[in-house]
Amino acid sequence: MADLNIHIKDLHFKNPVTTASGTFGFGEEFMEFMDLNLLGGIFVKGLTIKNREGNEYPRMAETPSGMLNAVGLQNKGVDYFVNSIYPRIKHLHTEIIPNVNGGTVEDYLMVTEKLNETEGINAIELNISCPNVKEGGMAFGVSCPSAVAVTEAIRKVWKKTLIVKLSPNVTDITEIAKGVEGAGADAVSLVNTFLGMAIDAEKRKPILSTVTGGLSGPAIKPIALRMVWQVYQVVKIPIIGMGGIMNATDAIEFMLAGASAIQVGTANFIDPQVSLRIIDGIEKYLAGHHYKKAGDIVGQLMT
Amino acid sequence: MADLNIHIKDLHFKNPVTTASGTFGFGEEFMEFMDLNLLGGIFVKGLTIKNREGNEYPRMAETPSGMLNAVGLQNKGVDYFVNSIYPRIKHLHTEIIPNVNGGTVEDYLMVTEKLNETEGINAIELNISCPNVKEGGMAFGVSCPSAVAVTEAIRKVWKKTLIVKLSPNVTDITEIAKGVEGAGADAVSLVNTFLGMAIDAEKRKPILSTVTGGLSGPAIKPIALRMVWQVYQVVKIPIIGMGGIMNATDAIEFMLAGASAIQVGTANFIDPQVSLRIIDGIEKYLAGHHYKKAGDIVGQLMT
Amino acid sequence: MKQIRDFRVKAYDRLNEDNYIIELGCDEELPAIKAGNFAEIQVPQTADVFLRRPFSILDADHKNRSLKFYVKAIGKGTRKLGELAEGTKVNLIFPLGNSFNTDHIRHALIAGGGSGIAPFILLAKELKEKKIKTIFLLGARTREDVFLADEFAKYGEVLITTEDGSLGDKGLITQHSIFSKHDFPYDKIFTCGPDPMMKAVARIAAKKGVNCEASLENMMACGFGACLCCVTETLDGNKCVCTAGPVFDTKYLKWQI
Amino acid sequence: MKQIRDFRVKAYDRLNEDNYIIELGCDEELPAIKAGNFAEIQVPQTADVFLRRPFSILDADHKNRSLKFYVKAIGKGTRKLGELAEGTKVNLIFPLGNSFNTDHIRHALIAGGGSGIAPFILLAKELKEKKIKTIFLLGARTREDVFLADEFAKYGEVLITTEDGSLGDKGLITQHSIFSKHDFPYDKIFTCGPDPMMKAVARIAAKKGVNCEASLENMMACGFGACLCCVTETLDGNKCVCTAGPVFDTKYLKWQI
Ligand SMILES: Cc1cc2nc3c(=O)[nH]c(=O)nc-3n(C[C@H](O)[C@H](O)[C@H](O)COP(=O)(O)OP(=O)(O)OC[C@H]3O[C@@H](n4cnc5c(N)ncnc54)[C@H](O)[C@@H]3O)c2cc1C
Ligand SMILES: Cc1cc2nc3c(=O)[nH]c(=O)nc-3n(C[C@H](O)[C@H](O)[C@H](O)COP(=O)(O)OP(=O)(O)OC[C@H]3O[C@@H](n4cnc5c(N)ncnc54)[C@H](O)[C@@H]3O)c2cc1C
Ligand SMILES: Cc1cc2nc3c(=O)[nH]c(=O)nc-3n(C[C@H](O)[C@H](O)[C@H](O)COP(=O)(O)O)c2cc1C
Ligand SMILES: Cc1cc2nc3c(=O)[nH]c(=O)nc-3n(C[C@H](O)[C@H](O)[C@H](O)COP(=O)(O)O)c2cc1C
Ligand code: FES
Ligand code: FES
């Protein structure tokens with residue numbers, strides 16, 4: 001059987017399949033559906049320094065081959081995660097990666113410092129691309145100087161693996177990717193959701209309470225794939241790819257385009273066991289094409 | 001019956017439903033399917049100064065709720081259009097709007113000047129957003145200064161209605177929209193296709209000969225709708241909206257978000273008669289909601 | 001224990017043009033199912049429906065390994081679900097959500113508005129088993145919108161209100177005389193239906209000092225607590241209707257009532 | 001005249017696991033259909049297929065107002081099209097494309113590779129009507145991949161090659177002895193199948209100075225000349241296979257042969 005292991009500095013994925021932040025809760029929601037130890041890693045729901053109630057209902061709209069969400073980083077704050085949630089999931093034999101959010105650089109720093117003290121956490125994902133919060137979030141990720149600034153600040157305090165999650169809502173994602181690489185990121189993850197909107201024509205009203213929200217699902221796959229491929233041409237650090245992955249073929253496409261690992265997001269809602277099927281499918285593909293390890297297909301698109 | 005007429009300077013659409021450039025040929029391909037005189041207007045296939053063979057086959061990939069194309073502006077040049085095609089379609093009682101393309105500002109100017117001399121053409125659509133050509137195209141549309149420069153240059157020579165077609169592949173589409181408005185555009189049309197990519201995992205190759213192509217269809221609708229709504233907040237000139245419109249409800253959503261008229265693109269491939277159904281549906285909606293004219297719903301989203 | 005399981009369409013019971021009961025059967029034994037539980041159904045054979053759709057479990061037949069759902073066709077998914085050929089595979093995640101609390105009740109009032117009747121057949125069965133006296137108050141726009149009244153009659157007295165007076169009392173559910181009568185013998189109200197109606201019922205319950213549980217139908221993306229899309233405001237902040245609900249004690253909800 | 005018309009699934013003829021003939025019927029009279037024409041079929045009841053799919057018209061029964069298509073299931077759309085219940089509505093745009101030129105032929109050779117046989121039933125009928133002697137050369141990987149041989153036998157002699165030799169001559173279609181025999185009586189070759197095979201046939205035709213027409217199967221988004229996606233390189237530049245083709249004189253194609 002092919003070797004599926006992926007190492008990104010302190011981080012060790014036993015296979016390239018991880019779950020995307022905000023689509024997999026804290027893992028516990030899926031325990032009845034699967035053995036979580038089989039996953040490469042779990043990117044848990046976005047954390048902020050304080051408790052956040054998130055946006056008002058309605059927060060969701062279905063769209064063709066996708067969905068919009070406007071959750072707005074509802075979470076009980078990093079302390080609650082560290083003290084109450086993490087102890088319940090730290091025994092899992094899979095990497096648990098917190099997704100770090102903030103309205104200001106200081107916020108990001110404070111969250112990171114709390115996690116610094118938590119044993120067993122080998123990596124954080126810096127979310128500079130959330131389109132659903134009024135302050136911070138995506139604002140950091142759509143300008144290169146601010147993306148660099150927050151990455152540099154966190155790099156100073158976080159010594160283990162630092163993953164920066166990029167926004168697709170930009171003219172040139174390669175510029176931002178190079179910027180955060182220069183600022184010390186160990187990996188980039190992309191993409192977060194696309195800013196979109198849905199309207200109820202009969203009521204003449206937006207469907208989401210926040211008017212706009214983040215688009216995810218297969219609809220965005222072609223754009224996400226293009227971005228991964230573009231970023232792969234310009235950075236040396238590993239890429240964790242995502243955006244509409246529904247099955248193993250999709251995952252393999254992202255890997256061929258340059259992703260060392262992938263995240264499964266919206267697909268979890270439709271088939272909570274989909275990640276296991278994706279792991280199986282990648283194994284079969286590697287075997288069928290006589291590859292020795294998962295890393296052998298990364299970036300191997302013949303153009 | 002509600003008044004469906006839309007006027008944009010010299011341009012008069014008898015209803016808000018037009019067909020998108022590159023998806024409706026020169027109208028003739030649809031004559032067997034419908035009475036073209038019923039359409040508000042026809043945006044014909046992109047024109048360049050010289051004959052272009054376009055990109056190599058394969059030029060198309062199906063994606064979830066959408067498609068990628070990499071046609072690359074195949075056309076016989078503006079002279080052929082003016083001398084051979086236009087005489088065959090000028091009798092139609094609908095607006096025929098050429099879509100103007102170029103690799104340099106001079107190219108755009110030369111095409112425009114040829115059209116200047118052609119009677120009956122009341123408007124041109126400046127395509128600064130084609131993602132499928134190596135030179136020019138989208139490059140103009142993703143930077144504000146170059147979008148402004150080409151618009152200003154054309155404005156000097158084209159006195160009738162000037163529509164500038166915007167690229168969605170930007171961080172902030174409102175900035176570009178404001179720029180071209182300032183440069184003298186009479187209207188903006190948005191969106192062109194999103195830069196995307198498709199991969200054949202078994203062959204480990206891109207599906208398109210050009211690796212990347214333009215994503216269209218319902219997949220992009222939520223993002224396109226958001227962009228129309230954002231642009232509506234910042235410009236005073238009319239907006240022609242498009243991106244994934246498949247039925248009357250979609251069209252009405254774009255109008256509520258701020259579009260004075262809409263273009264039907266990819267949907268023409270699946271149902272060549274879809275535009276007529278959309279006109280019908282808009283009429284029914286206006287009647288059902290007791291509106292006197294189509295213009296009354298433009299931008300009437302209650303947020 | 002939550003299951004992800006393939007079922008097959010066994011039969012439809014067409015109540016009228018837009019309302020139907022769908023019966024789905026499977027091969028394995030059903031898990032325990034409680035009144036109020038729902039299922040996330042993946043609607044097959046359509047390009048229009050991306051996410052699963054949540055439906056209350058109307059009835060569970062453990063012997064025949066089948067589930068029934070009452071569905072009102074209001075959109076793409078609910079229409080398609082009503083058009084499947086017998087034998088079509090339909091995937092379910094179930095049972096989801098919490099359930100009604102039937103402890104310490106002497107006399108229950110069930111108030112179902114419009115299509116908000118689905119969770120009440122299982123509830124009626126549970127109440128009957130517990131020998132709790134139950135009265136059913138069904139409100140609808142017209143007589144054509146009153147469903148399952150005969151079924152409920154098996155479990156207790158059925159009262160009906162219609163807005164146009166075409167069946168039962170004329171008016172809204174909350175205008176029914178049982179609420180204005182001096183004698184209000186009920187010590188628990190269960191309600192499901194349109195939000196304004198549930199709020200009105202909750203208001204009456206609060207006034208009368210009677211405990212009231214409502215089953216909410218918020219928009220859901222997952223149905224099992226992963227997406228945080230389905231929240232409702234409670235005294236403890238935003239809670240997911242799919243995990244903390246769908247049944248809530250109305251006192252706990254931050255409804256402007 | 002091109003039509004957009006609803007048909008209904010009448011019947012399937014399952015050739016083997018992956019190959020089938022689907023018969024679609026409609027209520028109105030069929031328009032004139034020529035050998036080589038194709039239809040753009042909208043595959044219903046699936047989320048996976050966005051665009052229509054092009055298929056050559058295998059046969060047209062004007063009396064019974066039905067069309068037949070031979071389909072090889074290779075992906076999402078072709079698999080779904082093989083699973084529809086009788087009576088399912090299927091929308092078609094047809095007839096599309098040009099047709100074979102059967103003028104001034106004395107002796108025709110039809111070379112069909114793999115699944116590239118669909119356009120040849122109508123062609124065989126036309127040739128027979130015109131009393132043009134025709135020989136059929138069918139090439140496939142194994143005997144399991146040879147279809148409709150009995151059908152073609154009604155219109156002329158049938159020769160078969162299989163790569164593994166399980167039926168007919170062993171080898172590729174172009175390795176069949178008729179090409180190496182001194183006597184080559186055919187003055188027209190029609191071919192359809194995988195590109196490399198059609199190119200090889202065209203090469204032989206060029207060498208022998210015989211006119212050759214090939215039916216191409218490029219990827220299409222529309223099928224009627226609107227999108228310019230389906231091009232093939234010709235001596236006159238890029239041409240749409242859906243309108244300038246699908247049938248091309250191979251001399252006109254810029255094939256590296
Ligand atoms: C826990 C729970 C239990 C439910 N039980 C039942 C049941 O037993 N029987 C039944 O018929 N329905 C029930 N519903 C509602 C049902 O899920 C929706 O009617 C269904 O999802 C609509 O799908 P659709 O594709 O037909 O509608 P769509 O085509 O997606 O939408 C049509 C219209 O309905 C609106 N809409 C869709 N879903 C909802 C919703 N959940 N709340 C409010 N508006 C909505 C949309 O905004 C749109 O305007 C339940 C919902 C929940 C959350
Ligand atoms: C004019 C014309 C006539 C045709 N006639 C017939 C016919 O009579 N019988 C028949 O079985 N098929 C015919 N085809 C081919 C048929 O259209 C494709 O097999 C079908 O579109 C595949 O759809 P799918 O959804 O099953 O494949 P998908 O799931 O979309 O694709 C599966 C795989 O097949 C490849 N593929 C898909 N379509 C084509 C294509 N057109 N050319 C090359 N590769 C492709 C894809 O890249 C992918 O790798 C014809 C095509 C054309 C253009
Ligand atoms: C409901 C929902 C909530 C999300 N919450 C977060 C979050 O808290 N932090 C984050 O970085 N990304 C969040 N995302 C984005 C996903 O992690 C992922 O980047 C995106 O959904 C694209 O992948 P997909 O198409 O596979 O879903 C969320 C997405 C969804 C659908
Ligand atoms: C095959 C194809 C060719 C296109 N060619 C052009 C073109 O020549 N000029 C142009 O401005 N836009 C072109 N477009 C973009 C469309 O006009 C439209 O902006 C886009 O497809 C989004 O709308 P839709 O989702 O409704 O298709 C093309 C789109 C497609 C699918
Ligand atoms: S629907 Fe996803 S958390 Fe409730
Ligand atoms: S398929 Fe659209 S032009 Fe041929």
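In the text below, chain A, chain B and the rest are named by the order of the sequence lines, each starting its count at 1.
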Which residue out of B:D250, B:L225, B:I252 racks up the most heavy-atom pairs below 4.5 Å with chain A?
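Looking at each of B:D250, B:L225, B:I252 in turn, B:L225 comes out on top.
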Of all of B:G196, B:A219, B:P222, which one pairs up most often with chain A through heavy atoms under 4.5 Å apart?
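Maximum pair count with chain A is reached by B:P222.
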Below 4.5 Å from any heavy atom of chain B, which atoms of [X] appear? Answer side chain, backbone, both or neither.
{"X": "A:E202", "value": "both"}
{"X": "A:V211", "value": "side chain"}
{"X": "A:Y285", "value": "side chain"}
{"X": "A:L68", "value": "side chain"}

Shortest non-hydrogen contact between [X] and [Y], atoms and distance:
{"X": "B:R226", "Y": "A:L195", "result": "NE-O, 2.8 Å"}
{"X": "B:A201", "Y": "A:T249", "result": "CB-CG2, 3.9 Å"}
{"X": "B:I199", "Y": "A:A257", "result": "CD1-CB, 3.9 Å"}

In terms of heavy-atom proximity below 4.5 Å to chain A, should B:L215 be classed as side chain, backbone, both, or neither?
side chain
Applying a heavy-atom distance below 4.5 Å, give me the residues of residues 293-303 of chain A that approach chain B, sorted by number.
A:Q300, A:L301, A:M302, A:T303
Nearest-0.5 Å distance, CZ of residue B:R204 to CE of residue A:M255:
13.0 Å
Return the OG1 to CD1 distance between B:T63 and A:I220, rounded to the nearest 0.5 Å.
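B:T63 atom OG1 to A:I220 atom CD1 measures 12.0 Å (nearest 0.5 Å).
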Using a 3.5 Å distance criterion without hydrogens, assess whether the side chain of A:T171 forms a donor-acceptor pair with backbone atoms of B:T171.
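Yes: the side chain of A:T171 pairs with the backbone of B:T171.
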Tell me whether B:E56 at atom CD has more than 12 heavy atoms from other residues, nucleotides or ligands lying less than 6.0 Å away.
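Open: at most 12 neighbouring heavy atoms sit under 6.0 Å from CD of B:E56.
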